[in-house]
Amino acid sequence: MLDIRLIREQSDFVKSRLTARGGGDETKIDELLQIDAERRKNETALQQLSAERNKLSKEIGAKRSRGEVADDLEARVRKIGDEMIDLTSRTNELEGKQKDLLLRIPNLPHGNAPLGKDAGANSVVRSWGEKPKLNGKVLDHVALGTKLKLFDLERAAKLSGSGFICFTGAGAKLERALINFMLDLHAREHGYLEVSPPFLVRRDCMIGTTQLPKFEEDMYGLENGELFLAPTAEVPVTNLYREEILAVVDLPKKFVAYTPCFRREAGSAGRETRGIIRVHQFDKIELVKIATPEDSYDEHEKLTADAERILQLLGLHYRVIELCTGDLGFGSAKTYDIEVWSPGQNDYLEVSSCSNFEDFQARRMNLRYKDADGKNRFCHTLNGSGVALPRLFAALIESGQQEDGSIRLPEILLPYFGEAKIDGHR
RNA sequence: GGUGAGGUGGCUGAGUGGUCGAAAGCAGCGCUUUGCUAAAGCGCCGUACCUCAAAAGGGUACCGAGGGUUCGAAUCCCUCCCUCACCGCCA
C-alpha cells in the first residue's frame, strides 16, 4: 500500500512511476485524490460537530449534577447528533472506497529498475557455472522421471486432477533430501531462523502480503472465504509480526521456512505446463526478512546470494535476472529472478524470485519498528525462494543424467540422500 | 463442539453512565541531591487521524472488533473474534 501522503504531495511523481509499470494504474490517482479531499473535508466537519457535542454534553452533566434541567441543551445536542448521522455514513463510505483503491494500486518500482514493458526488457545481471556436457540422447525430466519411477503424474491426476505431482521411491526421497539440505544450509550457515508455519491463513494475512484483494481468483480459499491455502510461505512468515512494533536492535529478522504452496494458476493452462514445471501444489523453501529501510537493499543482495548458494553447491548452471519495471510483481520495488538451466527444456527455469517490497507490505499489515529516536516507522520486508522445488528437481535430474540411464547426484547431497546416484534398480 | 471465566497503555492492575485517554505501581527518559556499582525527590512518558506552509497549538477517535441504547459509553445491550480452564471428539 502506498502512503496516501506521498500520493497527495507528489502525485506527478507517483503517476510517472506507475506509468513505468505499464498497468494503467496511474489513472486511479486522480480519482483517489478526489475521494481523499472530500473525505478529509467531511472528517473535519464531523470532528467540529463532535467537539461541539462533547462540550454541550459536559455542560448538561454539570447542570444535572447541580439538580438543574437542561432541556434546551439536550435538544441542541440531539440536533447535532442527527446532523452527524448522514455525514458519518458518507465519510465511512469514502473511507472504504479510498482503502479499497489504495489496496489495488501496485508499489512504485525502485528508481534504478530498468525501464521496460515486459520480460523482454529484463536484464541478465550475472550467470554462474556452465551448461552440463551431456553425452547421448538428452531426456527431459518427464522422460527421466517416468523411466526411473521418480514420480507418477497419471496417478496423481487420478487423485487430484492435472497439475499435481506424486513423487515415488527415489523421487520422494530426493525431494525430502533437497528440502533438508536447503533448510540446513540457510538455518546453519546463513543464519536464518527456521519456522514451520500454518499452511492455512486468514484473509488479513493474504491482504498483508498483497495476494488479496486483487488476485483472489488465483488462490484456493476455504470456509466462506475466511481461510486460504497459502500460495507461498511468504504469507504466513511475513505476517508473523503483523500489527507489532519491533525493537530496532532485533532487525533484521531472518526466517527460512519449508511449506507446500497452493496455486490455482488460473489462466496459465497450456503455458509451460509440461511435467512438474507448473503445478497447483509444490514444495518450496522460502527466505523472509524484516529489515530497516536503511538496510533493506543490502539485505536484498545478501538474500539473493543466499538463494544462489543452493544452486552453486549443487553445481547447477544458473543466471540472475533483474526484472524491468513492467515485469515487476504487484508489491515489489525491486526483484531478481534466479533461473536454473534445464537441459530438458533447453531453457532457463525460474526457481526463485527475490524481492524487496520496501514498506509496501508493512504498511498493509501495520508492521513497524521503533527507531533510535523512539519514532515508529514502517519496516521493510523482503523475500525470495531458496529455492522452489519441482523445477530444481527437474534441472537436477536432467543435469545429472548419465549415458547408462542413471542419474548422478551432487556430492553435497550424499549425507541427505544416502546414495551417490539414482539407477532405477529400486 | 459444549460449559465457565476473561480481554483496559511496554508490563502489572484500578475503574460499572458525565469532570476518564483513563488511578496506582513497575519499566523507560530528563533533572536535582548524595554518592564505590545504588538510593531518594521532582518532572516527562500511548497511538492514529484532522487542522496548520511548518513548528507550536487546537481538535477528533481509540479501553479485543463491529453494531445498538443514551444528550453523553471503558462502563448498559446485541453479534463476532481471541485467550484461559474443564468436558466431549479426534491425528
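Residue numbers start from 1 in every chain, and the chains themselves are labelled A, B, ... in the order their sequence lines are given, proteins ahead of strands.
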- Listed partners of A:Tyr297 passing ring pair (Phe, Tyr, Trp, His ring centres under 6.0 Å), at least two apart: A:His110
[X] and [Y]: side chain donor to acceptor below 3.5 Å:
X	Y	value
A:Asn42	A:Arg39	no
A:Glu93	A:Thr91	no
A:Tyr336	A:Glu301	yes
A:Lys334	A:Asn356	no
A:Asn383	A:Glu234	yes
A:Gln312	A:Tyr318	yes

- Assess the pair A:Phe282 and A:Phe262: is the distance between their ring centroids shorter than 6.0 Å? no
- Task: Establish, yes or no, whether a centroid distance under 6.0 Å links the rings of A:Phe393 and A:Phe167.
- Result: yes
What is the distance, to the nearest angstrom, from the [atom1] atom on [X] to the [atom2] atom on [N]?
X	N	atom1	atom2	result
A:Glu243	B:U47	CD	C1'	13 Å
A:Leu49	B:G72	CG	P	13 Å
A:Glu244	B:C11	CD	P	11 Å

For the [atom1] atoms, the ones on [N] and on [M], what distance do you get once it is rounded to whole angstrom?
N	M	atom1	result
B:C45	B:G10	P	15 Å
B:C44	B:C49	C1'	24 Å
B:U12	B:G28	C1'	15 Å
B:C71	B:C86	C1'	46 Å
B:C77	B:A5	P	13 Å
B:G9	B:G64	C1'	14 Å
B:U8	B:A22	C1'	8 Å
B:A73	B:G18	C1'	10 Å

- Query: How do A:Ala62 and A:Arg368 order along RNA chain B: which one's closest nucleotide is nearer the 5' end?
  - Reply: A:Ala62
Interface polar pairs with nucleotides 75-83 of chain B, N/O, under 3.5 angstrom:
unit_1	atom_1	unit_2	atom_2	d
B:C82	OP1	A:Arg202	NH2	3.4

- residues 43-65 of chain A vs ring pair (Phe, Tyr, Trp, His ring centres under 6.0 Å), sequence neighbours excluded, gives none
- Of all pairs that satisfy ring pair (Phe, Tyr, Trp, His ring centres under 6.0 Å), the ones with a partner from residues 26-63 of chain A, not counting sequence neighbours: none
- Secondary-structure string, 5' to 3', Watson-Crick or G-U under 3.5 Å, | for another-strand partners, for RNA chain B: ((((((((.[[[..)..(.....]]].((((((.....)))))).((((((.....)))))).[[[[[..)....]]]]])))))))....
- Each nucleotide of nucleotides 50-71 of chain B classed B (base within 4.0 Å of a protein heavy atom), S (only sugar-phosphate) or -, in 5' to 3' order, makes BS-------BBS---------B
- Message: Just to verify, which of A:Arg364, A:Arg363, A:Arg8 counts as forming a salt bridge (charged side-chain N to carboxylate O under 4.0 Å, His left out) with A:Asp3?
- Response: A:Arg363
